[in-house]
Structures are given as structure tokens and as C-alpha cells.
Amino acid sequence: MTTRTSAIEVAGLRTSYGDYEVVAGVDQRLHQRTITGMPTGDDGERIARGDRTMRHFTVHHGGVTIPVSRGGRGRPLVLCPGLNSTQADLHELTELLRRDHDVVTFDLRGHGLASAADRYSFDAFLSDLVAVLAEVGRLDLPEAPVLVGYSLGADLVVHYASECPDTVAGLVLIDGANPLPEPFITDADLAEFRAMAEDLAARQEDERARGTARQVSLTAQDIHDLNLEIDVVRSGILDRYRKIDRPISMIMSTSIAGDSGEGRAPRHNQLWRAGIERLVRERPHISTSWLAADHRLAFTHAPDIAEIIRSAHHPADDRPTS
């Protein structure tokens, strides 16, 4: 079956993120969803209670409220979602990672249970990540966390780590933060990408009406503008990589634009691979895994991704035995 997905997100960095405050306690809506949607293991049994211990708090900064969840055991890890994705969307991957990581997840502004905002830009989303990580830094973790970012989230963690490399143990970048050698969206692509943005926004109407944990508040124009912004960001993201001296693992899709052999998809898929080849030529220590998937790989290939992360950032002799 031929698939087609929206492939791009955002980036940029501002020098000041403003003040924020943290409100401790449980977000009752998120708590209820976590308990009633309790995950099961591969054998159909409930995952051990020790792995399901959940703590919830909210971070208030810049006029927005960011819901944060923490649970699991093992090495600290922070999972940053992407554009049009939420904690709820990444539930399977999160639960798999919590088997041997102490995982912190959150929703970006305008996504999931986070509040809507007056503006949506890379700088604004980056400020959400900065505020969350500032609070994570106060949690008395035994070591710096591994930062995992999906799509837009990958670009966010690269920008953060380039400014604060001593606060992270390593990066895992899932289908994002690609230093593309040329623009992904050209004039010939504008109409198609605008149509995809309109389709995404339309499909979110029901989620927004019901106020679910999967809702996204961004308009079609917001999404389209952010898609265009990413090309500008990724044209300079290679400089960000040069500032990072921590281990980096890339997990990339082979068919970010879908598996069609017609239209613009072949160009986009080839360009996606070319960007990573460009990165590895300059930074050969970066490890890369390619999954036979499109941009939805974080949802469709969660077990594969979790195993790659486990292998790269959890030494075998330290892994839990059960």
C-alpha cells in the first residue's frame, strides 16, 4: 500500500527563555488516563507495578502549562515528542523504555494536555523543553539524562545539547534533526504540503472537541509555517552537531515521504538519506540505524526503537534481569 506522510517540523534558538515555575502534584486527567490505559507486557500480563509507578507535575512558564510524567526504573531519559504528536501518541514507546529507564515525558504547548499558546515557533517549543529540563535537573537524578527526540523533538534536543552539553549523557534522534543539503520543500512542493497541513488540522477537530490527550491546537497555517521553518533550521543544524561531544544515535526512516515511486516522494526520500550521509561523513562517531518505515516509525516500530536505545545507552551488564 502506498503511504504519504507529512515529513517536516521546526527549529531556531533564542537567547532568553524567560521565567517559569513548577507546580508539584498530580494532573488528575493525565493520572486517570495512565491508570485506566495501563499497559501490558508482550505476554499479555500487566507490567510489574514497580515499573508503573507514575509521578506527575506541571511546569508553568511563559504563560503556558506543560504536563510532565515520570516513571520507570534505570538510567534517566527524557523523551521529547514532535510536531503533531503527544505523550499519548508515544505511549507504547514510552512504556517499553520504562522497563529499564527512568523516563520523563511531556507535551509541547498546544499538544495533548498542554495549554494552547499565542504563538507556535521553534523558539517557543524549545523554551518548553528548556523549562522541563530545568525542573528535571532538580529531581536529584543519579546521572545526566539521555535525551530522546522524535522528529521536531530531535531538532529541539540537538539545539538544547549544543548549548548545554554538560547536562546530557547522550542523544537519540528519531527521524529528525537532519542536516539536509538542500531545501526539503521547494516551490513545487508548496501546494502539497499546504494540503497536508489542512488535512492534519481537520482530522484534529474531533480530538479538540473532546479535549483528549491526543489533541493538537495548531491551525493548518501554524503547521504549514512550521514546516517551512524547518528547512531554514536544518540548513544550519550541522553547526549545532559540532558543539556536542556526547554520544549520538540516529534512528531514521528509509521512506520518510512514503513508499510511492511517483511524484515528489522519491526526491524527498533520497534527500533524507543524503542529509544523514552528509552528517556521518563529518561526524563519523554518530551511529545510524535505518528502519524500513515512513515518518510514523515512532508509532509503528516502537519495539525496534526501544531495543536500539536500550543497546546504545544501557550497558548489557547493567540491564535488569527481569
Side-chain angles (χ1 to χ4, degrees), residues 9-12 14 17-34 37 54-71 77-91 93-94 103-139 145 147-157 159-160 176 197 200-201 203-223 225-226 229 298-299:
E9 270 106 341
V10 269
R14 64 180 183 182
Y17 301 98
D19 296 330
Y20 63 89
E21 61 174 328
V22 176
V23 178
V26 176
D27 183 315
Q28 295 299 328
R29 294 175 300 164
L30 187 56
H31 177 72
Q32 182 179 14
R33 294 182 189 280
T34 302
M54 297 294 299
R55 293 166 295 280
H56 305 283
F57 56 92
T58 55
V59 175
H60 294 279
H61 81 104
V64 297
T65 301
I66 305 297
V68 185
S69 302
R70 180 187 179 192
L77 182 152
V78 177
L79 175 59
C80 183
L83 183 63
N84 294 308
S85 66
T86 68
Q87 292 188 75
D89 293 324
L90 295 171
H91 179 78
L93 177 59
T94 300
V103 180
V104 172
T105 63
F106 62 99
D107 285 323
L108 295 166
R109 63 180 62 204
H111 292 71
L113 300 179
S115 62
D118 293 333
R119 65 189 181 91
Y120 299 103
S121 66
F122 184 82
D123 287 354
F125 289 131
L126 183 58
S127 73
D128 296 341
L129 174 63
V130 169
V132 169
L133 289 177
E135 179 57 20
V136 168
R138 299 178 181 180
L139 295 178
L147 301 188
V148 180
Y150 165 55
S151 202
L152 161 65
D155 295 270
L156 294 174
V157 302
H159 279 250
Y160 176 86
L200 282 169
R203 285 191 277 118
Q204 275 293 328
E205 289 181 2
D206 182 58
E207 299 287 348
R208 288 194 298 270
R210 293 187 291 124
T212 76
R214 298 177 186 274
Q215 67 181 330
V216 176
S217 301
L218 280 67
T219 66
Q221 189 63 52
D222 292 328
I223 297 169
D225 290 345
L226 289 168
E229 186 179 2
F299 319 123

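A quick note: this is a predicted structure, and the numbers were derived from the prediction, not measured.
- Between A220 and A197, the shortest heavy-atom contact is O-CB, 3.5 Å.
- Applying the salt bridge (Lys or Arg N to Asp or Glu O under 4.0 Å) rule to D89 yields the partners R214; only residues at least two apart in sequence or on another chain are considered.
- The closest side-chain heavy-atom distance from F122 to L152 is below 4.5 Å.
- Distance CZ/R70 to CG/L77: 12.0 Å, rounded to 0.5 Å.
- One distance of note links NE2 of H61 with CG of D128; it measures 3.5 Å at 0.5 Å rounding.
- The heavy-atom pair separating A201 from T219 by the smallest distance is CB-C, 4.2 Å.
- Remark: L79 CG to F106 CZ distance equals 8.0 Å, nearest 0.5 Å.
- Annotation: the span from L133 atom CG to L156 atom CG amounts to 10.0 Å, rounded to 0.5 Å.
- Applying the side-chain hydrogen bond (donor to acceptor under 3.5 Å, both in side chains) rule to S85 yields no partners; only residues at least two apart in sequence or on another chain are considered.
- Nearest heavy-atom pair, I66 versus A114, reported as atom, atom and distance to 0.1 Å: CD1-CB, 4.2 Å.
- Considering every non-hydrogen atom in both V59 and A131, the closest pair reads CG1-CB, 3.8 Å.
- In this structure, V148 and V157 have side chains that are not in contact, with every pair of non-hydrogen atoms separated by 4.5 Å or more.
- One finds the CG atom of D225 at 8.5 Å from the CD atom of E229 (value rounded to the nearest 0.5 Å).
- Between the T86 side chain and the A213 main chain, a donor and an acceptor come within less than 3.5 Å of each other.
- Residues V216 and L200 fail the side-chain proximity criterion, which asks for heavy atoms closer than 4.5 Å.
- The CG atom of D107 sits 8.0 Å away from the OG atom of S69 when rounded to the nearest 0.5 Å.
- In this structure the side chain of L218 reaches within 4.5 angstrom of the side chain of L83, judged on heavy atoms.
- Taking the six-membered ring for Trp, H111 and F125 have ring centres closer than 6.0 Å.
- When all heavy atoms are compared, the tightest approach of P67 to L113 is CG-C, 3.7 Å.
- For the pair T65 (side chain) and S115 (backbone), a donor-acceptor distance under 3.5 Å is absent.
- Minimum heavy-atom separation, G71 to R55: CA-NH2, 4.2 Å.
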